Student: 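Pasting a structure here, questions to come.
Worth saying up front: this structure is predicted, and the values here are computed from it rather than measured. Within every chain, numbering begins at 1; the chains are lettered A, B, ... in the order of the sequence lines, protein sequences first and strands thereafter.
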Amino acid sequence: MGVKKTLVVIGNGMVGQNFLETLVASSAYADYQVVTFCEEPRVAYDRVHLSEYFSGKSADDLSLVERGFFENNNITLHLGDRAVRIDRDKKQVLSQKGERIAYDKVVIASGSYPFVPPMPGHDRDGCLVYRTIEDLEAITGAAKKAKTGVVVGGGLLGLEAAKALTDLGLDTHVVEFAPRLMAVQLDEGGAAMLRSKIEALGVMIHTSKNTQKIVDGDQAIHKMCFADGEELETDIVLFSAGIRPRDDIARESFLEVGQRGGIVIDNQCLTSDSDIYAIGECALWNNQIFGLVAPGYQMARTVVAHLEEKEAAFLGSDMSTKLKLMGVDVASIGDAHAKTQGALVYTYQDGSSEIYKRIVVSEDKKSLLGAVLVGDSAGYGTLLQYCLNGIELPENPDALILPSRSDESVGLGPDALPSTAQICSCHDVSKGQVCEAITAGCQDMGALKSETKAATGCGGCTALLKSVLDCELDKLGFEVNTDICEHFSHTRQDLYNLVMVDEIKTFDELLTSHGRGRGCEVCRQAVGSILASYWNEYVLEKQHLGVQDTNDVYLANMQKDGTYSIVPRVTGGEITPDMLIALGEVGKAYGLYTKITGGQRVDLFGAQINQLPAIWNELIAVGFESGHAYGKSLRTVKSCVGSTWCRFGLDDSVGLAIELENRYKGLRAPHKIKMAVSGCTRECAEAQSKDIGVIATEHGWNLYVCGNGGMKPRHADLFATNLDKETLIKYIDRVLTFYVRTADRLQRTSVWMENMEGGLDYLKSVVIEDRLNSCEQLEQQMEYVIETYQCEWKTTLENPEHQKRFRHFVNSEQSDERVVFVEERGQVRPANEQEREQLVVMQPMEDA
Amino acid sequence: MTQWIDICSVDDLQPNSGVCALVNNQQVAIFYFPNEDKIYAIGNYDPIGKANVLSRGMVGDINGEPVVASPLFKQHFSLQSGRCLEQDEQVPCYSVRVHDDRIELAEKN
Ligand code: SRM
Ligand SMILES: Cc1cc2nc3c(=O)[nH]c(=O)nc-3n(C[C@H](O)[C@H](O)[C@H](O)COP(=O)(O)OP(=O)(O)OC[C@H]3O[C@@H](n4cnc5c(N)ncnc54)[C@H](O)[C@@H]3O)c2cc1C
Ligand code: SF4
Ligand code: FES
């Protein structure tokens, strides 16, 4: 093996890190010893999702670097050190802290910085920018003392910053120099629609405003003075007036830079020095700067390929974008401004629903050149594919944006895409690669995402990826059979709807009207669960017996030897000493093994079927209720001790946990549901690993949804922030009922979310914006379930007929002789086979 | 001649579900399908889960064959033959009849 060459990467931002990852995975990696300079105090993080810092994500959550990445790959990291100059004669990189690294190759990935117009007063205290985590910390700090905030710049980033300021509770203004918002991406009509939508959210927009100076304010800290004589007082000024490439090191090192900044690169991303590359936002290609991650990643791939001596070129990049700004869908594709010679424009505007769509097509009406969508960007995927792949337009191109009033579908099926079509632009995954992965066995979204990385960046391509998956599975002859089993040609959701619409109350009714045969444990369990969710009748009524699963049918959890465990409800994990003693007494009286569960309650093991009613009689007498540990239903709402005792607690987490548990106890669902409430962000209740998680903040409650511990842990998604209790409960009602209605059988909320088309945003639109016009109904259904709650054990004990089943034999009072216990650590446990043989042999001898 | 043993009354059976009876010191699982007026009986011992639990499994059919799914690990046992559909296991099988509203069992030979 030859001596390794040294490669220095300057800047560990999004593109620098992506470059490192791509390099490590390539064949060139073996040839290089890699050194990287990271000026910021922390390694690369996700700037694209930076704003989520305000809604509770920590710097750690945003990190893009896997733990141990640098160590494991032998990359030397100089954290908090800036490369200041490249001495090209000596071939050394010099750093601020005095490092001198001899190099063979250099990659500059120094990004950009926010442009602050040099007006007088721009550097006053409280004049801030929006690019790094430190910037956000400064904004949060300043916001504490502020009432008003002004964002200078009404572009994409400016509007995102405005959202952050409103979230921080400030009266927010946006001041834009141009006559409209998002001038780069939107035409006049689209911008006007966006403006009215954002103003409706309470943000004041001032266009055509040229700020001349910032001086002391009268009522607020600053006063902004505009060229037209108007003034605006504010406590915070946040500049978001565009970015400028960080080309300082290139200038210091006498590399060629553009007239208006930017390190000049060629198609191989080489600068004017053939050993130095530049990639990402600092690079100037064909007189263009690319302020998005996808082109930066493309450049990174180009450089790695070049190092591998493969052929590759960066030839510009598509700058189409789709995003949600302050809850408003906005998308811009290709030549949005119709600058192409002869371009024709179609516009559709729906004033009542506030939707604006515009497409730009070629003179011959055969190809799509660009588009603008505001208020509804559902067509983005299709339009982008027409545009990028030059797919011939339908005869009437306007059909692409007109609302479809007939059954005629104008959507572009994934089948129409060539295999070179790019499905995911963040990770440059083509349709061909997706299909290959599907053929190789990735047959659900989860597997496909982890195999191809598609849909793991901005997430914009998720719906498209899903449609390619479905279409390919179909073609591979996987009849995407969604029938629940051989007895019903329906999905669980179909069955749910049938139960609802036909008001079906028993399994037999459903089987007779919509199924065949006798059913089986799959459909019986599923229908049992649906009926219980919808009608909430006592599950052990004769007509429901045959659809209860193993544990439900005796209201206890069956153990390996056929005995049962008993878990009484301990709401929120709060229990009085007297109740604890009562549990202990019951455990002792019946010789049960006792254990604290992972769900903050006590489990009593080893009860025989015929002992269950007596045990529950005693438990109910002292005030316990069924804990539903046996049901696909709400289990526990875990709590931390919260503000009552904890010095950090911001709110009463125990109180809320108890309230939630009492509200949702007994709710049957496609799978079990777990919740937790933490009193502050230290998160001692681990709420972010639950189906529903709640964390107290200074201003209310943050709601997290669809987390999971278990087999495949999933961090819950932040759903809404700083809610008051009433809204919090409303949202949880809706999320849960929607889950109950639409999830597959035995699908936890985490998997439900992973498979949901449109994902978190879709769920938000259903629950917060009432997209399906269903919220009222969802809440009513939950109210019904709450009103009809019963402790199933109490009901069972009230009626001797119900207890008849709780005996081991119909024709004898004996119990199961195969149940044999031995003692361990002072308690019983089931004997193993060997012990059993010894005991069974021993017993007759004792008799003798 | 078949030896019929009296077990319990029809009322003691559970619809679309099972009960367990003690017959000559053997545990027997008895399943009742009221819609077709059919009753089946097989051994209660699950040879795979190694516990006396089959009477507590869910019933149904697979391709028309009446089965119970073991409550422990969900293997199916035929109610007609006692054969396990997934693994090479077999549980005993009994004949059942209703006589004056009483359930009677006999060993199958
Ligand atoms: C008793 C307990 C373990 C303990 O000693 O601590 C337990 C015991 C069982 N768990 Fe669990 N789980 C228990 C807490 C958990 C937790 C921790 C938690 O809730 O904080 C988890 C991970 C969190 C989660 O669910 O996301 C957990 C993840 C599972 C899973 C995997 C679920 C998943 O989605 O991946 C299963 C299997 C399933 O449900 O399909 C499972 C299934 C089971 C079953 C029901 C298995 C079975 O069918 O026999 C166990 C029988 C319980 C019994 O006999 O009483 N248990 N189980 C805990 C009861 C908590 C309670 O008070 O109700
Ligand atoms: C709020 C926000 C939202 C955004 N949203 C989107 C979006 O939705 N979609 C999208 O595609 N893009 C978005 N972007 C843009 C995206 O973040 C950038 O395109 C991307 O970060 C560029 O990566 P980069 O590595 O070139 O630059 P950066 O991520 O800025 O990284 C450059 C790094 O190099 C460091 N550095 C500079 N000079 C030196 C030196 N001499 N020595 C050592 N280190 C140095 C810098 O400190 C920095 O850490 C957004 C940006 C922001 C701020
Ligand atoms: S989460 Fe916060 S409030 Fe709750 S116990 Fe932990 S530190 Fe205290
Ligand atoms: S396009 Fe961003 S994740 Fe695929």
Student: Are the side chain of B/Gln14 and the backbone N or O of A/Arg805 linked by a donor-acceptor pair below 3.5 Å?
Tutor: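 Not at all, since once roles are kept as given, no pair shorter than 3.5 Å links the two residues.
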
Student: Which atom names give the shortest non-hydrogen contact between B/Met58 and A/Gln525, and what distance separates them?
Tutor: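 Smallest interatomic distance, heavy atoms only, reads CE-N, 3.6 Å.
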
Student: Hey, which of B/Ser70, B/Pro66, B/Cys8 has the most heavy atom pairs under 4.5 Å with chain A?
Tutor: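 Of the options given, most contacts go to B/Pro66.
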
Student: If you count heavy-atom pairs under 4.5 Å with chain A, which of B/Ser9, B/Cys20, B/Gly49, B/Pro15 comes out on top?
Tutor: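 Max contact count across the listed options: B/Cys20.
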
Student: Between B/Gln27 and A/Asp816, is the side chain to side chain contact (heavy atoms under 4.5 Å, CB included) condition met? List the steps.
Tutor: CA-CA 9 Å; B/Gln27 298 199 15; A/Asp816 184 3; 3.0 Å; yes

Student: Can you tell me if A/Arg524 uses its side chain to pair, donor with acceptor, with the backbone of B/Val59 under 3.5 Å?
Tutor: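 Present.
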
Student: Is there a donor-acceptor pair closer than 3.5 Å between any side-chain N or O of A/Asn811 and the backbone N or O of B/Leu22?
Tutor: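 Yes: the side chain of A/Asn811 pairs with the backbone of B/Leu22.
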
Student: What part of A/Asp561 is in contact with chain B, defined as an atom under 4.5 angstrom from a non-hydrogen atom: side chain, backbone, both or neither?
Tutor: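 Contact with chain B involves the backbone of A/Asp561 alone.
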
Student: CG of B/Asn44 to CZ of A/Phe809: how many Å apart, nearest 0.5 Å?
Tutor: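 The distance works out to 7.5 Å.
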
Student: Please classify the contact between A/Glu486 and chain B as side chain, backbone, both or neither, with a heavy-atom cut-off of under 4.5 Å.
Tutor: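 For A/Glu486, side-chain heavy atoms alone lie under 4.5 Å from chain B.
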
Student: Of all the heavy-atom pairs spanning B/Leu72 and A/Lys560, show the shortest one and how long it is.
Tutor: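 Heavy-atom minimum between the residues: CD1-O, 3.7 Å.
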
Student: Should A/Arg807 and B/Asp12 count as an ion pair when the cut-off is N to O under 4.0 Å?
Tutor: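 Looking at A/Arg807 and B/Asp12, the cut-off is met.
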
Student: Measuring heavy-atom distances to chain B, does A/Lys804 have an atom under 4.5 Å in its side chain, in its backbone, in both, or in neither?
Tutor: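 Contact with chain B is through the side chain of A/Lys804 alone.
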
Student: Do B/Arg56 side-chain atoms and A/Gly562 backbone N/O form a donor-acceptor pair below 3.5 Å?
Tutor: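 Yes; judged by distance alone, with no hydrogens or angles, the pair exists.
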
Student: Mark yes when over 12 heavy atoms from residues, nucleotides or ligands other than A/Glu798 sit less than 6.0 Å from its CD; otherwise mark no.
Tutor: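 Atom CD in A/Glu798 is packed in, count exceeds 12.
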
Student: Please state whether the side chain, the backbone, both or neither of A/Tyr554 comes within less than 4.5 Å of a heavy atom of chain B.
Tutor: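 It is the side chain, since no backbone atom gets that close.
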
Student: Between A/Cys485, A/Ser812, A/Gly519, which has the largest tally of heavy atom pairs under 4.5 Å with chain B?
Tutor: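 Max contact count across the listed options: A/Gly519.
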
Student: For A/Asp508, which atoms come within 4.5 Å of any heavy atom of chain B: side chain, backbone, both, or neither?
Tutor: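 It is the side chain, since no backbone atom gets that close.
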
Student: At their closest point, which heavy atom of B/Pro71 faces which heavy atom of A/Thr550, and how far apart are they?
Tutor: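 Result for this residue pair: CB-CG2, 3.3 Å.
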
Student: Quick one: of A/Glu833, A/Gln543, A/Gln548, who has the most non-hydrogen atom pairs under 4.5 Å with chain B?
Tutor: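 Highest number of heavy-atom pairs under 4.5 Å: A/Gln548.
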
Student: Considering only heavy atoms, which portion of B/Ile62 lies under 4.5 Å from any heavy atom of chain A: side chain, backbone, both, or neither?
Tutor: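 For B/Ile62, the contact with chain A is made by backbone and side chain together.
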
Student: Could you look at B/Asn35 and say if it's the side chain, the backbone, both or neither that has a heavy atom under 4.5 Å from chain A?
Tutor: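 For B/Asn35, the contact with chain A is made by the side chain alone.
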
Student: Is A/Asp549 paired with B/Lys74 through a side-chain N to carboxylate O contact shorter than 4.0 Å?
Tutor: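 A/Asp549 and B/Lys74: salt-bridged.
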
Student: Below 4.5 Å, heavy-atom pairs only: which of A/Leu545, A/Val819, A/Val810 has the largest tally toward chain B?
Tutor: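 The residue among A/Leu545, A/Val819, A/Val810 with the greatest pair count is A/Val810.
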
Student: Over all heavy atoms of both residues, which pair between A/Lys542 and B/Asp11 is shortest? Give the atoms and the distance, please.
Tutor: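 For A/Lys542 versus B/Asp11, the nearest heavy atoms are NZ-O, 4.4 Å.
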
Student: For B/Tyr45, is it the side chain, the backbone, both or neither that has a heavy atom under 4.5 Å from a heavy atom of chain A?
Tutor: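 It is the side chain, since no backbone atom gets that close.
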
Student: Do other residues, nucleotides or ligands put more than 12 heavy atoms under 6.0 Å from the CD atom of B/Glu89?
Tutor: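 For B/Glu89, atom CD is crowded (more than 12 foreign heavy atoms under 6.0 Å).
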
Student: Please check if the side chain of A/Arg518 supplies one atom and the backbone of B/Val67 the other of a donor-acceptor pair under 3.5 Å.
Tutor: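 Side chain of A/Arg518 to backbone of B/Val67, a donor-acceptor pair under 3.5 Å: no, none is there.
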
Student: Using a 4.5 angstrom heavy-atom cutoff, name the option from B/Asp61, B/Asn16, B/Ile30 with the most pairs to chain A.
Tutor: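 Of B/Asp61, B/Asn16, B/Ile30, B/Asp61 has the most heavy-atom pairs under 4.5 Å with chain A.
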
Student: Using a distance-only test with no angle check, is there a side-chain donor-acceptor pair under 3.5 angstrom linking B/Asn52 and A/His808?
Tutor: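 The answer is no; no qualifying pair exists.
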
